[in-house]
There are 2 protein chains.
Amino acid sequence: MRALLRLREQILSGEFAPGERMSELPLVERLGVSRTPLRLALAELEHEGLLRGLVGGGYAVREFTQADIRDAIELRGVLEGTAARFAVERRVTRRDLRALGTINDGIEELVHRADYDSFERYVDLNERFHARLVKIARSPMLERALAGLVSLPFAGPSAAFVLSEAELPESREILVIAHRHHVGLIESIERREGARAESLAREHAHLALTNLEIALRHRDVLKRMPGASLIALPRDGEPQHA
Amino acid sequence: MRALLRLREQILSGEFAPGERMSELPLVERLGVSRTPLRLALAELEHEGLLRGLVGGGYAVREFTQADIRDAIELRGVLEGTAARFAVERRVTRRDLRALGTINDGIEELVHRADYDSFERYVDLNERFHARLVKIARSPMLERALAGLVSLPFAGPSAAFVLSEAELPESREILVIAHRHHVGLIESIERREGARAESLAREHAHLALTNLEIALRHRDVLKRMPGASLIALPRDGEPQHA
DNA sequence: GCCCATACACTTGCATGCAAGAACTCCCTA
DNA sequence: TAGGGAGTTCTTGCATGCAAGTGTATGGGC
């Protein structure tokens with residue numbers, strides 16, 4: 001377990017160049033564990049998507065294009081939209097809706113604050129809102145599919161909120177809009193409006209995409225995002241095909 | 001690798017009771033491999049969804065409810081629908097469309113035949129159609145998400161076609177309808193009708209669900225499906241909550 | 001007779017040693 | 001000088017031995 005945690009941390013902090021082969025022996029002395037747990041950790045991280053297997057055995061850090069990130073976020077929207085629709089179709093309880101409402105009330109209080117503690121609490125509440133939304137869909141399969149997506153460092157529901165920490169002017173508005181999306185989601189689920197709930201969840205994810213595109217224009221901000229070194233940034237003047 | 005293949009095969013053929021602890025030492029002599037590759041295989045199968053980790057370490061064969069299976073198939077529809085929409089939005093090439101058409105023409109020829117060889121060819125062509133559909137979405141993230149789903153034994157695009165092999169009267173009609181769905185999918189993608197393409201793919205997956213529900217009424221047929229022993233069948237007179 | 005404590009056995013997790021395979025380099029030959 | 005072959009080294013994959021933790025069973029004490 002130690003091997004997994006330390007290795008993931010080192011990968012996300014950019015200590016390995018994407019694409020280069022990660023030989024086991026150097027990693028053994030770097031992480032202070034034996035090859036057996038290391039191999040397990042490498043296999044685990046391949047499943048998470050952070051590593052990719054090489055042809056002759058061995059692994060390399062995976063590199064993500066901006067298109068990959070866009071797709072991952074959009075797919076999260078698609079799956080969370082399905083979660084919202086499932087919640088509607090499966091008669092969510094009032095208790096679940098109240099829980100969502102309470103979390104979102106907590107978010108509302110924080111939207112207009114600017115200190116770092118508030119930011120941390122915001123991220124925590126936001127994660128809990130999204131986790132609860134998936135939970136009320138009552139679908140282990142859906143939970144599994146979403147878990148496979150948000151294991152990617154930039155695909156989670158709060159990944160792009162490095163912006164508000166950075167106090168960019170756009171970030172405040174985005175928090176307001178995100179809160180409004182949450183309100184609409186609760187409302188549409190309560191009224192059994194499945195199609196609206198699904199679209200809203202998709203649009204909500206697109207907000208993260210907007211967030212990300214702002215971050216990509218402020219690369220100093222992007223650097224704070226864990227796993228930023230895994231993103232293939234196009235060299236200036238070399239447009240990346242969408 | 002040997003360990004992984006043999007273990008998966010034995011699980012799918014029902015040689016382990018769902019829920020019971022799979023100790024390593026008995027598996028070692030059963031599979032004829034050492035504990036090291038065995039542990040890797042166990043971890044791999046946990047990721048595939050066939051095993052679940054137990055609290056104090058160790059694994060058990062996972063049991064799937066009918067609701068799980070329904071959800072997995074519906075999620076495949078959601079993701080393949082997204083693939084179809086991506087294909088539209090990303091300007092699929094004529095070459096890709098031709099390839100889909102060619103595969104589907106091959107399917108049309110087989111729909112009205114009844115021999116076993118034709119069944120095998122049908123399954124092969126069907127798999128290729130779905131694989132190509134995902135490919136033309138040009139999204140590695142989407143491919144990954146779908147791969148995580150269809151690793152489940154009953155969620156793949158051809159899993160429920162044990163029916164037509166069994167020559168049930170309903171199965172012939174279902175093949176005709178499935179072929180028509182494929183035609184509609186190609187058409188809508190060609191005409192850049194993203195919403196229609198997405199809905200059609202979803203409806204197409206629902207056909208597999210219909211298929212499965214027929215199979216659940218003919219349990220002798222269900223038995224032919226690999227991994228059937230992992231399905232929690234409700235005891236008669238004990239309705240399963242949907 | 002019942003409950004608690006201790007000891008034993010079984011389980012998983014880790015480390016190390018070994019073998020097989022592939023790639024790279026160096027040398028020899030054409 | 002260039003190409004091929006052989007040797008060496010580095011790589012991953014597998015097996016086994018060992019230790020630590022947990023659960024259970026048995027015995028002793030209250």
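Residue numbers begin at 1 in each chain, while the letters A, B, ... track the order of the sequences.
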With sequence neighbours left out, what residues match [X] under side chain to side chain donor-acceptor pair (under 3.5 Å)?
{"X": "A/S158", "value": "A/N126, A/E127"}
{"X": "B/E89", "value": "B/R85"}
{"X": "B/S139", "value": "A/D71"}
{"X": "A/R94", "value": "A/E190"}

Contact state string [nucleotides 13-22 of chain D, B base, S sugar-phosphate only, - no protein heavy atom under 4.0 Å] | BSBBB-----
Distance, rounded to the nearest Å, where [X] contributes [atom1] and [N] contributes [atom2]:
{"X": "A/L54", "N": "D/dT12", "atom1": "CG", "atom2": "C1'", "answer": "12 Å"}
{"X": "A/R21", "N": "C/dA23", "atom1": "CZ", "atom2": "P", "answer": "9 Å"}
{"X": "A/L27", "N": "D/dT11", "atom1": "CG", "atom2": "P", "answer": "11 Å"}

Who are the side-chain contact (heavy atoms from CB on, under 4.5 Å) partners of A/R91, not counting sequence neighbours?
-> A/R192
